[in-house]
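When a ligand or atom number is given, it counts from 1 through the structure's own listing order.
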Amino acid sequence: MFAPIGIFDSGYGGLTVMKEILQKLPQYDYIYLGDNARAPYGNRSFDTVYHYTLQCVQWFFDQGCPLVILACNTASAKALRTIQQNDLPKIAPDNRVLGVIRPTSEIIGSYTDTKKIGILATRGTVQSESYRLEIDKFFPDIEVHQEACPMWVPLVENNEHQQPGADYFIEKHLQNILQHQKDIDLLLLACTHYPLLMNKIKQFIPDNIKVLSQGLIVAESLADYLQRHPEMEQRCSKSGTRAFFTTDDPNDFNHQASIFFGEPLQSNHVAL
Ligand code: DGL
């Protein structure tokens, strides 16, 4: 039976996570859905992000996915818990939906010496306080500073992030967060779009500050999850196929997505 692992993002960002998952766990079937027609999610209300995300999760279940990864911090922050606690028991009690905030929070302590870290994210993720709450569970001694960078996703989605105009917005938010606390030694890219800004970000910060993206962390955490849950592992089909879907125009998606994914891909349209 075809039972792929679903990978979801509001747009293209989740492809940076999917790339790492495919490296680590190539044997499974995967389907990716980008809700590009309604992206970005970052400035939208809790209710809106929850409803959009739930609709997409239901679509994955309809395709036969037993397991869905929300490769989107905004959806993980604003929708995951409600879906896990309220919706899953009703719509698909044996299926699972996992996010990116918990696996990142679980290991973040091993990347900081000063115990002062900066979280760069969408406004929605910052306002949810999800990182502060999760990190505090595992590392109560870590001081968390947050900065919302609302222009960064639109810059990336519009492929303007390499242009000189992007520098203003990148530098501005890095300066904001670093001036709050001079001892920050780790910046977490807590949005799956931001790894595409990695080179630019490094231009504007001192060398001693590490910049962490989530792809590898999420891939390792998924591998660990499948090992600890053999009942789920056995349900995931293993023919090594990949399929890509977008709620917007597939031609636009193919072009832009290849930049995130690092190789050409063909997508299909989904009407939700
Ligand atoms: N990639 C999403 C995240 O990780 C955010 C993009 C958006 O604002 O839609 O938060």
Side-chain angles (χ1 to χ4, degrees), residues 6-21 32-57 68-81 83 97-105 108 118-132 134 146-161 166 169-170 173 187-198 201 211-219 221-222 244-248 252-253 256-257 259-261 272:
I7 302 182
F8 170 72
D9 184 45
S10 58
Y12 304 108
L15 292 164
T16 63
V17 174
M18 182 169 182
K19 214 164 55 176
E20 301 288 348
I21 291 178
Y32 183 90
L33 174 63
D35 191 8
N36 300 78
R38 302 186 293 195
Y41 280 13
N43 291 338
R44 295 192 190 276
S45 70
F46 267 83
D47 242 29
T48 304
V49 173
Y50 161 65
H51 284 295
Y52 287 175
T53 306
L54 179 60
Q55 227 179 1
C56 293
V57 165
V68 176
I69 313 296
L70 302 184
C72 174
N73 286 271
T74 310
S76 299
K78 291 189 159 186
L80 179 62
R81 184 194 281 248
I83 291 176
V97 182
L98 305 175
V100 291
I101 295 179
R102 191 179 173 101
T104 309
S105 302
I108 203 147
I119 306 284
L120 301 164
T122 64
R123 195 170 278 153
T125 301
V126 168
Q127 280 171 352
S128 76
E129 294 284 353
S130 300
Y131 271 100
R132 213 189 283 284
E134 281 298 315
Q146 305 193 86
E147 173 74 7
C149 314
M151 290 300 290
W152 288 13
V153 168
L155 284 171
V156 171
E157 289 270 321
N158 291 290
N159 204 12
E160 289 289 334
H161 57 288
F169 292 104
I170 295 172
H173 292 299
L187 290 173
L188 173 68
L189 305 186
C191 171
T192 53
H193 281 67
Y194 296 176
L196 273 86
L197 302 172
M198 184 66 101
I201 290 171
V211 185
L212 185 63
S213 55
Q214 297 173 295
L216 192 57
I217 296 168
V218 175
S221 154
L222 176 59
F244 299 88
F245 295 87
T246 175
T247 54
D248 211 335
D252 291 347
F253 183 89
Q256 191 69 355
I259 299 170
F260 285 77
F261 198 54
L272 288 177

Open item on the list: Distance under 4.0 Å, heavy atoms only, partner ligand 1: which residues pass?
Closed with: D9, S10, P40, Y41, G42, C72, N73, T74, T122, V153, C191, T192, H193

Task: Shortest non-hydrogen contact between N36 and E157, atoms and distance - done: ND2-OE1, 4.1 Å

Task: R38 atom CZ, over 12 foreign heavy atoms within 6.0 Å - done: yes

Open item on the list: If I compare all heavy atoms of P40 with all of R44, which pair ends up nearest, and what's the gap?
Closed with: O-NE, 3.4 Å

Task: salt bridge (Lys or Arg N to Asp or Glu O under 4.0 Å) involving E129 - partner list, sequence neighbours excluded - done: R132

Open item on the list: So does I101 get a backbone contact from the side chain of S76, meaning a donor-acceptor N/O pair under 3.5 Å?
Closed with: no

Task: Residue pair V49 / A79: nearest heavy atoms and the distance that separates them - done: O-CB, 4.2 Å

